[in-house]
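Contents: one structure, followed by commentary.
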Number of protein chains: 2
Amino acid sequence: MSKPVKSTDREQAVLNLVFAALSDPVRREILTRLDGEELLVSELAQPFDISLQAVSRHIQVLVRAGLITQERTGRISRCRLDAEPIASAAGWINQYAKYWQQQFDTLVAFLPELDNSNTEDDSHGHDHSEDENQRD
Amino acid sequence: MSKPVKSTDREQAVLNLVFAALSDPVRREILTRLDGEELLVSELAQPFDISLQAVSRHIQVLVRAGLITQERTGRISRCRLDAEPIASAAGWINQYAKYWQQQFDTLVAFLPELDNSNTEDDSHGHDHSEDENQRD
DNA sequence: TTGATATTCAACCATATGATTGAATGTGCG
DNA sequence: CGCACATTCAATCATATGGTTGAATATCAA
């Protein structure tokens with residue numbers, strides 16, 4: 001239950017941007033689709049119902065958060081995941097994840113039908129997802 | 001570099017709320033202060049410059065995201081961390097953290113003094129944060 | 001009951017966000 | 001050159017967010 005360390009304002013600003021960027025499902029899906037390959041703006045935009053311009057702005061939000069970079073060659077712009085700021089976010093969240101996970105394990109111990117094997121990183125498929133914990 | 005799994009709409013909704021909740025520094029600090037102890041709304045509010053009412057609403061945002069719970073006894077309301085939804089967020093982000101961290105390591109291998117340009121305080125300090133960008 | 005305390009609710013305001021459409025920029029190519 | 005293409009910029013709109021102050025609710029205590 002170690003207390004998280006205090007961060008600088010700068011780190012806080014990064015976390016603000018990163019978490020805000022991650023709070024939108026379109027942007028998360030963009031990141032998902034960029035996992036492992038580079039894509040053009042137009043390719044990224046294609047599956048979405050919103051306009052290309054809207055996607056372009058989502059991409060800019062991700063760029064500002066440092067989560068992706070764009071490399072423009074000619075008139076096309078390739079997007080790829082970038083590494084740095086997510087480490088801050090992952091670091092921050094994982095401090096809590098430890099505590100939360102521990103609490104979660106306790107919870108699971110009381111609710112045996114939930115699979116408690118996700119204490120570690122099989123979490124790709126983590127499936128305690130019948131949450132009725134949030135509204136709306 | 002395994003592709004992340006598709007999530008349900010419900011999971012997406014949880015992630016929306018959780019990441020949005022985490023995007024505010026006041027709320028993150030509330031969580032930080034709740035790591036290991038329960039606190040009253042008024043105790044939580046005390047170090048902040050904003051009104052008690054504003055803090056109360058931040059707390060409600062965290063409750064809606066499932067990150068904390070409030071237990072009211074009499075006129076006081078104790079807040080404590082809650083476990084479940086953060087597991088989703090941690091799971092989600094960690095899928096990427098692996099990829100990102102690997103990329104980051106590669107980057108660092110090429111640029112041993114990566115951050116001497118502008119960053120100072122730790123290994124992933126990153127500097128595009130003179131930030132003008134979000135509301136607060 | 002009266003009054004102080006703890007918290008929430010409500011109304012309001014300023015700003016941010018996400019979407020749209022239309023115009024602008026810039027590049028590739030016939 | 002002149003036009004199609006890829007992307008961004010700009011204006012606009014509706015809604016969400018975060019802050020304020022003041023009132024309401026509820027509990028404790030004298």
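Just the heavy atoms: all of them, side chains too, but no hydrogens, waters or symmetry mates, feed the values below. Chain naming here is simple, since letters A, B, ... match the order of the sequence lines and numbering starts at 1 in each.
Spacing between atom CZ of B:Arg78 and atom P of C:dT8 amounts to 14 Å, rounded to whole angstrom units. One atom, CD1 of B:Ile59, and another, P of C:dC9, lie 12 Å apart when rounded to the nearest Å. Atom-to-atom, CG of A:Leu62 to P of C:dT17 comes out at 13 Å; the value is rounded to the nearest Å. With rounding to whole Å, B:Arg28 atom CZ is found 15 Å from D:dG18 atom C1'. Distance, A:His58 NE2 to D:dC9 P: 16 Å, rounded to whole Å. One can place CZ of A:Arg64 at 12 Å from P of C:dG18, the figure rounded to the nearest angstrom. Rounded to an integer number of Å, the gap from CD of A:Gln60 to P of D:dT7 is 12 Å. The CG atom of A:Asp49 sits 15 Å away from the C1' atom of C:dG18 (whole-angstrom rounding).
Looking only at side-chain heavy atoms (C-beta outward), B:Ile30 and B:Val55 come within less than 4.5 Å of each other. Residues A:Leu67 and A:Val18 form a side-chain contact, since some pair of their non-hydrogen atoms from C-beta on lies under 4.5 Å apart. You'll find the side chain of B:Arg28 reaches within 4.5 Å of the side chain of A:Asn16, heavy atoms only.
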Exercise. After noting the C-alpha distance and the side-chain angles of B:Leu22 and B:Arg27, does the key distance pass the side chain to side chain contact (heavy atoms under 4.5 Å, CB included) rule?
Worked result: CA-CA 6 Å; B:Leu22 295 180; B:Arg27 289 193 289 265; over 6 Å; no
For this session: May I have the step-by-step check of side chain to side chain contact (heavy atoms under 4.5 Å, CB included) for B:Arg78 and B:Leu39, ending in yes or no?
Result: CA-CA 5 Å; B:Arg78 255 168 239 289; B:Leu39 292 172; over 6 Å; no
Exercise. For B:Arg57 and B:Gln53, what are the C-alpha separation, side-chain angles and deciding distance, and is it a side chain to side chain contact (heavy atoms under 4.5 Å, CB included)?
Worked result: CA-CA 6 Å; B:Arg57 288 214 309 192; B:Gln53 292 97 314; 5.9 Å; no
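Residues B:Val61 and B:Leu31 do not share a hydrophobic cluster, defined by chaining ILVMFWY side chains whose heavy atoms lie under 4.5 Å apart.
A donor-acceptor pair under 3.5 Å links the side-chain atoms of B:Arg33 to the main chain of B:Leu44, judged by distance alone. A donor-acceptor pair under 3.5 Å is formed between the side chain of B:Glu43 and the backbone N or O of B:Leu40.
Along DNA chain C, the nucleotide nearest to B:Arg57 and the one nearest to B:Leu52 differ in position, and the one closer to the 5' end is contacted by B:Leu52.
One axis for each end of the helix from C:dT1-D:dA30 to C:dG30-D:dC1, each built from five base pairs, and the angle between them comes to 10° at 10° resolution.
At C:dT8, one or more side-chain N or O atoms of B:Ser56 fall inside 4.0 Å of OP1 or OP2 (strictly under the cut-off).
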For nucleotides 26-30 of chain D, which of its nitrogen or oxygen atoms have a protein nitrogen or oxygen under 3.5 Å away, and what is each distance?
{"unit_1": "D:dT27", "atom_1": "O2", "unit_2": "B:Arg75", "atom_2": "NH1", "d": "3.2"}

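Note on A:Ser51: a base of the nucleic acid sits closer than 4.0 angstrom, heavy atoms only.
For A:Gln53 and C:dG22, a side-chain-to-base donor-acceptor distance below 3.5 Å is present, hydrogens and geometry of angles not being considered.
Near-neighbour residues of DNA chain D inside residues 39-47 of chain A, defined by a heavy atom below 4.0 Å, number-ordered: A:Leu40, A:Val41, A:Ser42.
The environment of B:Gln46 atom CD is sparse: at most 12 non-hydrogen atoms of other residues, nucleotides or ligands sit within 6.0 angstrom.
Under 3.5 Å, the side chains of A:Arg80 and A:Gln70 contain no donor-acceptor pair of N or O atoms.
Taking every heavy atom of both residues into account, B:Val41 and B:Cys79 meet most closely at CG2-SG, 4.1 Å.
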